[in-house]
Amino acid sequence: MFEDEQQIIESKIREFCLKNDIPIAELKWSPIPFSGEWGTSTSFFATAALEARAGKKIQVPARAQEIAEQAKAAIGSVQGISRVDAIKGYLNLYFSTSEYARRVVDEVLASNADFGRGAPKSERIMVEYAQPNTHHSFHIGHHRNTILGEALARIVEFAGFDTIRASYPGDIGLGVITILWAYDRFYKGQEPQGIHERGQWLLKIYAEATAMLEPKENETPEEKAKREAYDVERHEMYRKWDINDPYVRELWLKTREWSLEELRDILRILDVKMDVWFFESDVDVPAKEIVGELIAKGIADDERPQGGAVIVKIDEKLGLTKEKYRTNIIMRSDGTTLYLTKDLALAKVKFEQYHVDRSIYVVDVRQSMHLQQAFAILKLWGFKQAEKCYHLGYGFVSLPEGAMSARRGRVVLFKDVMDEAIKRVLAVESEKSPDISEEERRHVAEQIGLGALAYSMLSVDNNKDIIFDINEALNFDGHTGPYIQNAYVRANSILKKSDGLPKESQFDYELDPHEIELIELISRFPDKVQQAADEYRPLIMANYTYDLANAFHSFYHAVPVIQTEDKNVREARLRLVAAAKQTIANALRLLDIQAPEVM
RNA sequence: GCCCCUGUAGCUCAAUGGAUAGAGCACCUGCCUUCUAAGCAGAUGGUUGUGGGUUCGAAUCCCGCCAGGGGCGCCA
């Protein structure tokens with residue numbers, strides 16, 4: 001927020017260095033640690049190191065301090081800077097508190113929901129996430145994926161990028177066919193009531209079918225024959241799907257719709273609005289076409305005449321001598337396509353039809369190799385956007401008893417966890433806030449329960465695995481979503497009890513350190529948005545939001561607002577509370593967490 | 001065999017190559033007749049897996065090793 005002042009100071013430092021023949025290194029600016037005062041700082045270690053490397057006999061830390069002291073003298077006075085300190089090689093510039101506090105608060109309350117929004121950028125980003133296979137229910141692993149993707153989409157969008165949200169559900173494959181087969185064989189015509197019940201029922205059928213089709217120990221010849229007969233039936237159904245058999249296709253579309261209804265309902269609950277739906281089955285035909293193109297361009301090698309498949313020797317084609325991307329198949333020997341082929345076809349659609357400059361894939365880290373191969377082939381193919389394809393991988397979510405497995409029916413469903421979350425919040429709520437009406441309580445419980453779940457997923461670095469513990473995920477104390485929501489509620493509570501928000505205010509009194517820290521954190525929000533977007537890391541926003549809430553809670557406790565006698569001070573603090581509330585709301589929104597008015 | 005990820009307080013996790021490695025949970029001490037105690041203030045807790053190296057400066061970068069997880073041509 002203070003680029004102008006920073007520019008003025010930076011040019012003064014450069015001028016001083018130029019005059020004194022000091023080879024200045026790039027200046028990096030950061031907030032001054034050890035809170036209580038407020039400002040920005042830079043250091044001269046890099047500059048001193050340049051001198052040392054140039055042959056000067058100096059001690060870097062001592063020389064950095066020397067330059068800092070000289071720079072301090074050279075800077076003189078700057079509008080808006082109350083004091084300059086040179087310490088341990090750092091140059092600390094303290095802001096004139098009143099003026100800056102007013103600027104920050106005024107800007108927030110002028111921009112409101114747009115506070116922190118970045119200037120529009122020329123590039124278009126597509127974020128692909130929320131892509132469970134159909135015919136399965138949505139589990140907590142999908143929840144991590146969806147929350148991560150949605151938070152990222154909200155962050156890059158708010159940072160100024162033209163953003164498209166895309167989902168790419170796997171709607172075909174042997175797993176899907178297995179469910180169709182078992183449904184048709186054993187449950188034909190049945191259909192449970194309720195969107196989620198029906199979806200979960202399909203999942204149960206899948207686990208049953210898998211058990212029937214798996215070889216068992218000590219199986220009798222009769223059992224073996226039955227199992228093998230089932231397997232033949234299943235593959236026959238896949239063949240029929242492939243040749244567009246009307247019966248199988250209709251069955252497939254009907255059951256697929258059941259899954260999609262369930263998925264759409266969960267996305268509605270999570271407030272995720274997809275712009276584009278790509279289905280795996282849609283790219284099958286185009287995928288076949290691009291194989292020919294890649295062969296013609298000499299990128300792929302057709303080994304089918306020798307009884308092999310169509311492959312891409314990626315390392316060789318890129319001219320790499322060391323093994324990196326290896327070789328992968330883009331078409332089976334029987335002429336059918338693979339996941340990789342479909343991803344190539346999909347990327348082509350993204351680039352050519354949707355004019356995407358950057359393509360982000362929020363996909364399980366286990367598919368890292370696959371995506372690196374896809375990006376490398378896209379590059380060979382001539383797509384310059386391949387450079388800006390990015391795999392946001394994330395560690396998988398497992399259970400204390402081991403990995404989740406849809407095949408074994410050992411999954412923790414998101415819907416179940418959500419229901420449990422709401423139940424627990426309601427229990428806490430009726431104890432702590434008996435005044436809230438029955439109707440509102442249910443709504444607030446959903447906001448808090450979902451907030452706790454979302455934050456537990458976002459507050460861990462994406463490349464770390466999560467062992468899902470429901471008691472941890474639904475903890476409402478400390479470093480959690482509800483802690484942040486509570487800060488928002490408390491701010492709201494103060495504002496509700498005031499006689500309205502003053503139009504303007506002066507911060508011309510001695511501010512409490514808690515006030516200064518809160519204002520400082522608010523002022524950093526726009527930069528944090530850009531940083532999180534640049535690095536594709538929702539975690540940065542999650543951490544920031546917690547810090548902001550923490551500063552507000554401390555402020556709340558230490559600094560009276562409504563009870564302040566002095567009218568000037570009270571009005572300034574009221575506006576500060578409103579600015580804090582707004583910034584918390586904006587930050588929570590980027591995390592796809594709702595801000596309840598009461599709790 | 002090769003490649004990727006992870007290893008930080010008892011537990012779960014933070015920390016643009018820079019100032020004193022920080023939070024939460026758990027445990028302990030205080031704080032509700034005062035704007036919501038889902039909170040605040042404080043105490044305890046560290047050889048950042050390990051051994052080298054680079055650097056004025058390393059949890060962070062490089063190399064070796066140890067431990068755990070994942071991946072590696074006709075699954076997705």
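The chains referred to below are lettered A, B, ... by the order of the sequence lines, with proteins before strands, and numbering in each begins at 1. Only a predicted model underlies this, so the values are computations on that prediction, with no experimental measurement involved.
- In this structure, the CD atom of A:E535 is 14 Å from the C1' atom of B:rU60, given to the nearest Å.
- Rounded to the nearest Å, the gap between the P atom of B:rC62 and that of B:rG69 is 24 Å.
- A distance of about 23 Å separates the C1' atoms of B:rC56 and B:rU47, rounded to the whole Å.
- Nucleotides B:rG17 and B:rC72 place their C1' atoms 34 Å apart, quoted to the nearest Å.
- Annotation: B:rU6 and B:rC13 have their P atoms spaced 13 Å apart (nearest Å).
- A:R256 forms a cation-pi arrangement with A:F279, by the criterion of a distance under 6.0 Å to the ring centre and an angle within 45° of the ring axis.
- Annotation: B:rC28 and B:rG64 have their P atoms spaced 47 Å apart (nearest Å).
- Cation-pi geometry between A:R144 and A:Y394 is not met at under 6.0 angstrom from the ring centre and within 45 degrees of the axis.
- Applying the 6.0 Å contact sphere to CD of A:E26 captures no more than 12 heavy atoms from other residues, nucleotides or ligands.
- Nucleotides B:rC74 and B:rU12 have their P atoms positioned 37 Å apart, rounded to a whole Å.
- Remark: A:R366 is not in phosphate contact with B:rG69, judged by side-chain N or O atoms under 4.0 Å from OP1 or OP2.
- Counting non-hydrogen atoms under 4.0 angstrom, A:S43 reaches nothing in the nucleic acid.
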